[in-house]
Undergrad: 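This is the structure, below, for whatever I ask next.
Each chain gets a letter, A, B and so on, in the order the sequences are listed, and its residues count up from 1.
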Protein chains: 2
Amino acid sequence: MATRTDAPTRREQILKEAARLFAERGFHGVGVDEIGAAVGISGPGLYRHFAGKDAMLAELLVGISGQLLTGGKRRVAESDGGDPEALLDSLIEGHIDFALDDRPLITLHDRELDRLRDSDRKLVRQLQRQYVELWVEVLREVYPGLLEPAARSAVHSVFGLLNSTPHLGRPGSLPGRAATAALLHRMARGAFAAAGA
Amino acid sequence: MATRTDAPTRREQILKEAARLFAERGFHGVGVDEIGAAVGISGPGLYRHFAGKDAMLAELLVGISGQLLTGGKRRVAESDGGDPEALLDSLIEGHIDFALDDRPLITLHDRELDRLRDSDRKLVRQLQRQYVELWVEVLREVYPGLLEPAARSAVHSVFGLLNSTPHLGRPGSLPGRAATAALLHRMARGAFAAAGA
DNA sequence: CCTTCAGGTTAACGACCGCTAACCTCCCTG
DNA sequence: CAGGGAGGTTAGCGGTCGTTAACCTGAAGG
């Protein structure tokens, strides 16, 4: 992972603020003027960077889904036939990092999907589906007795568990990031273990 | 539980359809004309039954939170000092019933809270908080080693797990309601057990 | 039979919102 | 030192939305 050191571009600033605002008040609840104000320019200036408000949401959601899937595939590749248990732990860890570091995106990800144009929505759904299937395959290697429909339900449910981070109160009321991550990780494994029994 | 046999009132019809539409497209994404059309009257006719669009959302969210809390309190009272394990199972079962039978309400419940007037939002949050604390107390009886902050995080996370039902595909792709409920129940217990270890 | 009222209707107003048009101003480059 | 494009600005248009106003109607009650 090459850590970025250069300053964020204006486009990236806009996307970040838009994500925060969309997560706080919903896509329809935020005006373009507010998004502009959040980055120090005003309203129509955004159209120098994006074709429209819809395009911002689309780029955010496609980006999230793609990032999750890419990270998941990378972890599978790095494991390469090794211990499935360790691979499952790796997937869980990656998802938790994302859920803790990009809370607004996690919120958007399963909340505003229906506001997308048909083609974008199909793309996002396809990426999400591939990500789920990747987890399902790994899960069924760890728990061979688990049938596919049950495995898929279990994966969706654990996503619900891991994505609950936005409800956990603002950073500070928590017992520290590492402890929270560890708790979530244990609970996810416990839930999977119970599903596989 | 006295099962209702009389026909639903117009108010109830409106609330039900509004809940469905809000869950599908978001509060700001639904117009009053659509809500009216869903119950066979048109737009402004709704104002004979509600003070405004906001009032519908408020009544829905207060109703949900109150219903969950009331049901939880009833189960605690029925247990009355008995087996904490059985009480925890009872709470989980009640929450699962709600999540499976009223999916649109579950969706709204943690998605549109910020669209409420300040007073209504405070009321809903207070009801939600009481419900969480009720779970936390029971959970700490079952797992005495669990500290309060961790227990609260665990409860929120299990709510995320149980409330994932809207993502589980429409009824029919599932292996039957009873099997789904049983799976969710096992996973919730597994997650709690892992948190308590 | 007349009144009343609950529960509708349509028309229209005012606010807001996404987006475009037209214009301005640096800064880079040949 | 021209000039041109990147990245802003404000004004304003067109459509939508929540809400109100004014009117209608059928059924119940004295």
Undergrad: When hydrophobic residues are tied together by side-chain contacts of less than 4.5 Å, even through go-betweens, does B:Leu15 share a cluster with B:Phe98?
TA: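 They do share one cluster, since a chain of ILVMFWY contacts under 4.5 Å joins B:Leu15 to B:Phe98.
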
Undergrad: Just the rounded figure in Å: distance from P of D:dA6 to CD1 of A:Ile14.
TA: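 Going from CD1 in A:Ile14 over to P in D:dA6 covers 16 Å.
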
Undergrad: At 4.0 Å (heavy atoms only), tell me whether B:Val30 reaches a base, stays on the sugar-phosphate, or touches nothing.
TA: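 The residue B:Val30 makes sugar-phosphate contact but no base contact.
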
Undergrad: Would you check if there is a donor-acceptor pair between the side chains of B:Ser119 and B:Arg117 at a distance under 3.5 Å?
TA: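 There is such a pair (donor and acceptor under 3.5 Å, judged by atom type) between the side chains of B:Arg117 and B:Ser119.
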
Undergrad: Roughly how many Å is it from CG in B:Asp33 to P in C:dG8, rounded to a whole number?
TA: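 Taking CG of B:Asp33 and P of C:dG8, I get 15 Å after rounding.
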
Undergrad: Taking 4.0 Å as the cut-off, does a side-chain nitrogen or oxygen of A:Arg10 come that near to OP1 or OP2 on D:dG8?
TA: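 Yes, within the criterion.
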
Undergrad: Do any pairs count as a side-chain hydrogen bond (donor to acceptor under 3.5 Å, both in side chains) and have a residue in residues 85-102 of chain B, sequence neighbours left out, and if so which ones?
TA: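 Sorted pair list: B:Arg75-B:Ser90, B:Glu85-B:Arg189, B:Asp89-B:His185, B:Asp89-B:Arg189, B:His95-B:Tyr131, B:His95-B:Asn163, B:Asp97-B:Arg177, B:Asp101-B:Arg177.
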
Undergrad: Find the distance A:Phe50:CZ to C:dT20:P and express it as a whole number of Å.
TA: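 Answer to the nearest Å: 15 Å.
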
Undergrad: I need the NZ-P distance between B:Lys53 and D:dT16, as an integer number of Å.
TA: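 Interatomic distance, NZ of B:Lys53 to P of D:dT16: 15 Å.
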
Undergrad: Nearest whole angstrom, please: distance from the C1' of D:dG7 to the CZ of A:Arg11.
TA: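 Rounding to the nearest Å, CZ of A:Arg11 and C1' of D:dG7 are 14 Å apart.
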
Undergrad: I need the NE2-P distance between A:His28 and C:dC16, as an integer number of Å.
TA: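 That distance rounds to 18 Å.
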
Undergrad: Considering only heavy atoms, which members of residues 41-49 of chain B lie under 4.0 Å from some atom of DNA chain D?
TA: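 Residues of residues 41-49 of chain B that come under 4.0 Å of DNA chain D are, in numerical order, B:Pro44, B:Tyr47, B:Arg48.
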
Undergrad: A:Phe27 has an atom CZ; how far is it from atom C1' of C:dG18, in whole Å?
TA: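 Computing the A:Phe27:CZ to C:dG18:C1' distance gives 10 Å.
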
Undergrad: Without decimals, in angstroms, what is the distance between B:Ile35 CD1 and C:dG8 P?
TA: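 Spelled out: CD1 on B:Ile35 to P on C:dG8 is 15 Å.
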
Undergrad: What I'd like to find out is whether the side chain of B:Gln128 reaches to under 4.5 Å of the side chain of B:Leu113, using heavy atoms alone.
TA: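 They are in contact (side-chain heavy atoms under 4.5 Å apart), so the answer is yes.
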
Undergrad: At what distance, to the nearest 0.5 angstrom, does OG of B:Ser65 lie from CG of B:Leu123?
TA: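 Output value for this atom pair is 7.5 Å.
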
Undergrad: Ignoring hydrogens and angles, tell me if any N or O in the side chain of A:Ser164 forms a donor-acceptor pair with the backbone of A:His167 under 3.5 Å.
TA: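 Answer holds: no.
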
